[in-house]
Amino acid sequence: MKFMKLGSRPDTFITTEAVRSVNSEVVSDLIVQVKGSRYLLHKFPLLSKCSRLQRLCSESPETSQHQIVQLPDFPGGIEAFELCAKFCYGITITLSAYNIVAARCAAEYLQMTEDVEKGNLIYKLEVFFNSCILSGWKDSIVTLQSTKSFPLWSEDLVITSRCIEAIASKVLAHPSKVNLSRSYSRRGPRDDISCIESDSRRHNKDSSKIWWAEDLAELSIDLYWRSMIAIKSGGKVPATVIGDALRIYASRWLPNISKYANLEKQIVHDQSESDSIGKHRQLLESIISLLPAEKGAVSCSFLLKLLKATNILKGSCSSKMELARRVGLQLEDASVNDLLIPCVSHTCDTIYDVDIVITILQQFMLQVQSPPTSPLRRKGDFERRRSRSAENIDLEFQESRRSSSASHSSKLKVAKLVDGYLQEIASDTNLRLSKFISIAEAIPEFARLDHDDLYKAIDIYLKGHPGLNKSERKRLCRILDCKKLSMDVCMHAAQNELLPLRVVVQVLFFEQARTAMSGGHVTELPSNIKALLANHDDTAKTSASFNKAKMTPVNDQWSNASGLKSPKSNISTLKMKLAEDDDLDEHNADEIGKSSRIKALCVLPNRPKKMFSKLWSNNRSSVASEKN
């Protein structure tokens with residue numbers, strides 16, 4: 001750190017009965033009162049350098065031996081005044097980044113300009129500030145921090161803006177060209193588990209590029225915001241580095257905000273807590289406004305933690321939507337825990353904020369719409385396109401295909417993420433069926449390669465909501481494609497008493513078909529079963545009444561398939577279940593029609609009814625052969 005000494009005389013200021021004075025043989029003739037403190041001084045040294053004191057003394061009448069001058073609004077208080085007074089007496093003073101702002105504001109207040117005396121204090125302070133303070137990294141940071149005690153004076157004297165420009169220029173320059181006294185290397189990384197989590201691998205990788213972030217993190221949010229704007233406007237710092245700097249600042253100033261999670265639901269809370277929430281909210285909004293526009297500049301996990309903090313601190317709707325949009329751009333990188341955003345509003349009855357996740361999924365689907373595999377040909381572009389080389393056209397085609405492939409891969413990852421999220425929120429008794437279905441259907445069907453996880457989520461929801469009627473259970477299970485269930489899950493679903501009977505019928509059908517294909521019964525039903533398994537699209541369309549469901553583990557033992565009925569046994573008991581349901585449907589019409597469940601099977605093409613007849617006849621013949 002740089003410092004400057006002015007004057008050569010020893011310090012002769014003394015305190016007598018709460019009065020500061022100069023130990024001198026000359027009798028004092030001036031009394032200066034600064035914010036409750038009294039100084040017994042001499043007119044000559046002070047008035048010869050301070051234009052303001054000259055004017056005040058000329059305006060105030062002399063009383064007896066001393067003339068009294070009042071300075072109630074003196075910037076910097078008694079410390080700054082005594083610094084200027086010592087300079088007038090020629091007493092040695094030491095200036096550094098810690099006190100130069102106070103000294104500069106005090107000198108300006110006393111009007112210690114060159115018009116009064118050559119080489120006055122203002123001139124010396126400006127020389128030291130421009131040549132030494134602004135050339136050093138740490139000096140610039142400390143000086144900028146000290147301006148928050150004199151915000152108006154610092155702005156008028158252009159101290160704040162000059163410090164910010166100096167800091168930005170050093171960040172934009174190569175680190176080897178900067179006089180650094182970094183403090184971040186002496187501090188361990190901060191990690192707040194409730195809101196902002198640091199990425200140590202990324203921090204270590206970019207430590208050479210982000211050497212400035214920890215020091216800037218010590219600034220208050222208004223000064224930090226202005227500094228970051230200046231750095232970003234330089235256009236030389238990568239967006240990922242800006243993102244890492246914001247993460248470091250958030251981890252420094254957003255500590256353990258989860259303590260405010262239940263404050264909104266409290267009727268009475270302390271005013272100090274409300275003020276603290278307001279400060280943190282302002283800080284959070286400023287961080288969000290500084291986020292780089294580039295995709296991937298900040299991690300999806302960091303964005304979701306900011307969104308979680310916005311929910312807790314009751315941030316603005318615009319901030320929530322902006323974060324939701326940014327999360328949607330890179331949702332495939334998120335985890336289930338990141339999406340578990342607490343709902344703290346008294347109007348929200350669910351544990352987690354489901355609406356914001358629905359918004360994120362909508363934003364994701366808007367962003368990953370696959371581009372056309374080939375450019376659209378407009379009539380006016382025919383000749384121009386003909387002149388292009390074959391290599392360029394092929395390159396465009398390949399780039400478009402790669403973009404489409406990346407979009408498809410993202411949807412596959414997000415589908416897994418959504419199913420895991422559904423399993424986490426399904427047990428919430430206040431979660432409405434419409435919200436559950438909206439989340440499940442936000443992802444296109446092709447994105448789910450299998451429906452095992454979706455079935456588990458449905459099963460958990462059915463267990464947590466035993467009051468669902470038949471119509472609601474049917475509506476829930478329509479999102480399930482039984483053909484995409486594994487064998488173990490099918491065997492579990494066949495004994496799940498919470499599933500609608502239509503789903504059980506479809507599960508048993510596909511289970512029996514797969515068993516026949518793998519167990520040597522191909523000769524009995526070769527064409528029908530093969531056609532069913534090969535033509536997924538036709539089956540999915542025609543079995544719309546059945547093809548969706550979720551799962552409730554029978555004994556909460558997913559991995560244990562022992563004790564499950566065989567496919568033949570399931571088919572045997574199916575006739576009794578269908579008969580019972582047929583009697584019920586004679587008196588209770590459902591949304592599909594007034595026909596019985598066994599009649600509904602007739603909507604399946606490719607002779608499905610005949611296949612079921614063969615399955616049941618095969619089962620009866622097998623049982624008869626076993627008895628014989």
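Keep in mind that the numbers below use all heavy atoms, side chains included, and drop hydrogens, waters and symmetry copies.
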| task | Could you please spell out the steps behind the salt bridge (Lys or Arg N to Asp or Glu O under 4.0 Å) verdict for K411 and E332? | result | CA-CA 8 Å; K411 291 176 183 177; E332 65 272 16; over 6 Å; no
| message | The test is salt bridge (Lys or Arg N to Asp or Glu O under 4.0 Å); show your working for R252 and E214 and say whether it passes. | response | CA-CA 9 Å; R252 169 68 175 83; E214 285 281 359; over 6 Å; no
| message | The test is salt bridge (Lys or Arg N to Asp or Glu O under 4.0 Å); show your working for R281 and E285 and say whether it passes. | response | CA-CA 6 Å; R281 185 187 302 118; E285 300 276 353; 6.0 Å; no
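Both tests pass for R52 against the ring of Y109: distance under 6.0 Å to the centre and angle within 45° of the axis.
The closest side-chain donor-acceptor pair between T147 and W153, if any, does not fall under 3.5 angstrom. Side-chain polar atoms of D222 and S220 form a donor-acceptor pair below 3.5 angstrom. One side chain, S319 or S316, offers a donor N or O that lies under 3.5 Å from an acceptor on the other.
At least one donor-acceptor pair under 3.5 Å links the side chain of Y249 to the backbone N or O of I221. A distance-only check finds a donor-acceptor pair linking the side chain of H42 to the backbone of V26 [under 3.5 Å]. Under the 3.5 Å distance criterion, the side-chain polar atoms of W253 are matched with a main-chain donor or acceptor of A217. At least one donor-acceptor pair under 3.5 Å links the side chain of R162 to the backbone N or O of L157. No donor-acceptor pair under 3.5 Å is formed between the side chain of D338 and the backbone N or O of A334. Using a distance-only test at 3.5 Å, with no hydrogens or angles considered, no donor-acceptor pair links the side chain of D353 to the main chain of I341. When atom types are taken as modelled, the side chain of E114 and the backbone of G119 share a donor-acceptor pair closer than 3.5 angstrom. Side chain of S154 to backbone of P151: no donor-acceptor contact under 3.5 angstrom is found. Using modelled atom types, one side-chain atom of D29 and one backbone atom of K43 make a donor-acceptor pair closer than 3.5 Å. In terms of modelled atom types and a separation under 3.5 Å, the side chain of Q67 and the main chain of C57 share a donor-acceptor contact.
Each of E322, K308, Q330 was checked for a side-chain contact (heavy atoms from CB on, under 4.5 Å) with L303, and the lone residue meeting it is Q330. The residue from S299, S301, C300 that alone fulfils the side-chain contact (heavy atoms from CB on, under 4.5 Å) condition with D333 is C300.
Scanning all heavy atoms of the two residues, the minimum distance from A250 to F302 falls at CB-CE1, 4.0 Å. Of all the heavy atoms in A97 and S146, the pair that sits closest is O-OG, 4.0 Å. Closest approach of W225 to S286, counting heavy atoms only: CD1-O, 3.8 Å. The two residues I443 and M365 come nearest to each other via the heavy atoms CD1-SD, 4.4 Å. Of all the heavy atoms in A239 and P292, the pair that sits closest is O-CG, 3.5 Å. Contact detail for D73 and K35: the closest heavy-atom pair is C-CE, 4.5 Å.
V414 is listed as a side-chain neighbour of L361, based on a closest heavy-atom distance under 4.5 Å. By the 4.5 Å heavy-atom criterion applied to side chains, L121 and C84 are counted as neighbours. Using a 4.5 Å heavy-atom cutoff, the side chains of L339 and E424 are not in contact.
Between F81 and Y39, the distance separating the two ring centers is shorter than 6.0 angstrom.
Considering only residues two or more places apart in sequence or on other chains, K124 meets the salt bridge (Lys or Arg N to Asp or Glu O under 4.0 Å) condition with none of them.
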